[in-house]
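First comes the structure, then the notes that go with it.
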Amino acid sequence: MSANTFEDAIRRLDTAAAHIDIDPEALEKLKHPAAVIQVSIPVRMDDGSLRVFTGYRVRHDDTRGPGKGGIRYHPNVDIDETKALAFWMTCKCACVGLPFGGAKGGVTVNPKELSPMELERLSRGFIEEIADFIGPEIDIPAPDVYTNAMIMGWMMDEYSKIHRRRIPDAITGKPIPLGGSHGREDATGRGAYYCIKQLEQIHAWKPQQIRVAIQGFGNAGQSVAALLHADGYRIVAVSDSQGGIYSPEGFDVPSLIYAKNTQKRLQAVYCEGTVCEAVEAQRITNAELLELDVDILIPAALEGQITAENASRVRASVIVEVANGPVTSEADTILRDRKVLIVPDILANAGGVTVSYFEWVQNRTGYYWTREEVYNKLRDVMTREFVSVHRRATETGIDLRTAAYAQALQRIGDAVAAQGTQRYFRRQNRG
Ligand code: NAD
């Protein structure tokens with residue numbers, strides 16, 4: 001992780017701003033997070049000792065609505081990364097037209113070293129520390145790397161206890177029996193899949209001929225893999241934090257998912273029911289996966305994976321950014337010159353926050369939708385916004401990332417301008 005992820009992230013603003021009519025005041029506002037909090041979370045460990053963890057929450061912008069963004073548990077979480085992730089959330093919500101601003105949180109911890117009860121105490125402790133900073137009309141957390149539905153359930157419960165009433169709309173990504181939405185679990189991968197289906201139409205792809213490599217086989221990576229595999233795409237490589245596996249013929253994805261989730265490791269297998277047999281596959285590193293000869297590369301792990309150092313060795317012709325910020329701005333320039341088509345994170349992975357929005361709406365109305373309704377609404381949002389970004393890119397000769405940011409900035413700029421900027425006040429004063 002670079003020390004300047006946030007600086008690198010906001011560099012993209014000026015590039016996109018050149019293509020739209022946006023007041024400079026709106027741009028200036030986006031370069032400064034609205035509010036930042038750092039907290040210390042004391043946790044009683046199972047052996048009786050006390051450990052103090054550091055957590056952060058950043059509300060980047062709330063011009064278009066309450067802040068929205070996940071909570072990450074990872075040893076590398078720091079304030080700079082959290083600010084960058086919050087900034088991307090502002091742009092993402094605006095890009096797909098959700099009535100939210102952007103926020104993000106995280107705790108610097110390796111959750112794999114904690115017992116389930118320590119994890120619960122940490123999650124409740126974090127909410128206790130940030131309870132005054134979040135809320136259904138202020139800033140609504142959700143899952144991110146190494147946090148899941150159960151953790152969101154604990155967090156919602158803790159927030160409700162603090163306020164002495166049930167407040168399900170304070171947190172999204174909850175388990176369904178606790179007010180979660182159908183379709184939230186696979187929403188991020190499904191949103192990316194709907195983008196790929198649009199590209200399939202535009203480029204008249206034959207799925208059986210398209211080879212896909214996926215870095216990161218967690219929530220988002222697994223769902224996009226499963227959906228593409230079901231349509232006949234060849235998933236030839238996948239990886240997790242321990243490394244990856246490669247098979248030019250393609251993997252049976254449901255078997256991979258079953259093995260990963262039951263044995264907690266990535267293994268090339270073929271399963272019938274619960275009986276799995278190992279199958280031949282080459283072991284590769286995460287670095288090698290990024291440079292494989294494939295058609296679509298899907299980074300679905302962490303940011304900063306494709307950099308100025310390795311961008312020239314990427315052989316995929318399409319990159320779909322399921323992770324947030326997997327391509328640095330320097331790498332972006334190299335890939336653009338090489339005509340690699342990139343579906344940017346603020347569009348490709350917006351399915352997660354879109355279904356989080358649906359969950360929040362359902363919690364607030366108390367009226368719950370079927371899985372099919374959620375999928376249909378998600379498909380409508382993703383398709384509409386992808387088509388709009390793609391049209392803007394084609395009509396003005398810009399890349400998809402610049403077009404996605406331009407679309408987001410236009411919406412944020414309109415909201416800022418609606419409250420009046422210097423242009424407006426000067427005119428009024430001259431009156
Ligand atoms: P997850 O915790 O479910 O999965 C992360 C996966 O990445 C795991 O398989 C892990 O082993 C792997 N991984 C970790 N470090 C790695 C490394 N150095 N190289 C390769 N793999 C590594 O997380 P997730 O929710 O699937 O999130 C993945 C990415 O998608 C993140 O960038 C996240 O911000 C982004 N995202 C997630 C959501 C969501 O709703 N979950 C929404 C939008 C964006």
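Order of appearance sets the numbers: ligands from 1, and atoms from 1 within every ligand. Just so you know, these numbers use all the heavy atoms, side chains as well, and skip hydrogens, waters and symmetry mates.
Partner Ile196 forms a side-chain contact (heavy atoms from CB on, under 4.5 Å) with one of Val212, Leu228, Val318, Asp231 and no other, that one being Leu228. Results of the side-chain contact (heavy atoms from CB on, under 4.5 Å) test with Leu199 over Ile210, Leu341, Ile296 single out Leu341 as the only residue that passes.
Using modelled atom types and a 3.5 Å distance limit, the side chains of Ser115 and Asp46 yield a donor-acceptor pair.
Numbered from 1 in the order shown, with element, the atoms of ligand 1 that lie under 4.0 Å from a heavy atom of Arg184 read 40 (O). Those atoms of ligand 1 with a heavy atom of Phe217 less than 4.0 angstrom away are 9 (O). The atoms of ligand 1 that sit less than 4.0 Å from any heavy atom of Ala323 are 29 (C), 30 (O), 32 (O), 35 (C). Distances below 4.0 Å separate heavy atoms of Val145 from the following atoms of ligand 1: 2 (O), 23 (O), 27 (O), 31 (C), 33 (C). Atoms of ligand 1 lying under 4.0 Å from any heavy atom of Asp144, numbered from 1 in the order shown and given with element: 33 (C), 34 (O). The Arg72 neighbourhood of ligand 1 comprises atoms 31 (C), 32 (O), 33 (C), 34 (O), with distances under 4.0 Å to a heavy atom of that residue. Close approach of ligand 1 to Asn324 is summarised as follows: ligand atoms under 4.0 Å from at least one heavy atom of the residue are 32 (O), 33 (C), 34 (O), 35 (C), 36 (N), 44 (C). Short contacts between ligand 1 and Tyr146, defined as distances under 4.0 Å to a heavy atom of the residue, involve ligand atoms 2 (O), 10 (C), 11 (O), 14 (C).
Protein heavy atom nearest atom 11 (O) of ligand 1, with residue, atom name and distance: Ser241 N, 3.0 Å. For atom 3 (O) of ligand 1, the closest non-hydrogen atom on the protein side is Asn219 N, 2.8 Å. From the protein, the heavy atom lying nearest to atom 30 (O) of ligand 1 is Val322 O, 3.5 Å. The single protein non-hydrogen atom nearest to atom 18 (N) of ligand 1 is Leu302 CD1, 4.4 Å, given as residue, atom name and distance. Among protein heavy atoms, the minimum distance from atom 28 (C) of ligand 1 is reached at Ala300 O, 3.3 Å. Nearest non-hydrogen protein atom to atom 5 (C) of ligand 1 is Gly218 CA, 4.2 Å.
In this structure, Pro248 and Arg234 approach most closely via the heavy-atom pair O-NH2, 2.9 Å. Heavy-atom minimum distance, Trp205 versus Pro207: O-CD, 3.5 Å.
A donor-acceptor pair under 3.5 Å links the side-chain atoms of Glu321 to the main chain of Asp345, judged by distance alone.
Atom CG of Asp293 has more than 12 neighbouring heavy atoms from other residues, nucleotides or ligands inside a 6.0 Å radius.
Relative to the six-membered ring of Tyr375, Arg190 meets both conditions, a distance below 6.0 Å and an angle of at most 45° to the axis. Figure legend: Lys83 and Phe6 shown as a cation-pi pair, the cationic atom lying under 6.0 angstrom from the six-membered ring centre and within 45 degrees of its axis.
When heavy-atom distances to ligand 1 are checked against a 4.0 Å cut-off, Asn286 comes that close only through its side chain, counted from C-beta outward. Here Gln242 has no heavy atoms under 4.0 Å from ligand 1, in either its backbone or its side chain.
Across Thr188, Leu85, Thr147, Thr172, heavy-atom proximity to atom 39 (C) of ligand 1 is greatest for Thr188. Comparing Leu289, Asn349, Asn148 against atom 43 (C) of ligand 1, the shortest heavy-atom distance belongs to Asn349. Nearest-heavy-atom check against atom 31 (C) of ligand 1 across Ala350, Ala301, Ala142, Ala220 picks out Ala301.
The shortest distance between side-chain heavy atoms of Pro254 and Gln222 does not fall below 4.5 Å. In this structure, Ser329 and Arg12 have side chains that are in contact, with non-hydrogen atoms separated by less than 4.5 Å. Contact of the Phe133 side chain with the Arg59 side chain is registered, since non-hydrogen atoms from C-beta on lie closer than 4.5 Å. You'll find the side chain of Glu330 stays beyond 4.5 Å of the side chain of Thr307, heavy atoms only.
Residue-ligand proximity: Gln222 is placed with every non-hydrogen atom at 4.0 Å or more from ligand 1. Within the structure, the closest approach of Glu303 to ligand 1 does not fall below 4.0 Å when heavy atoms are considered.
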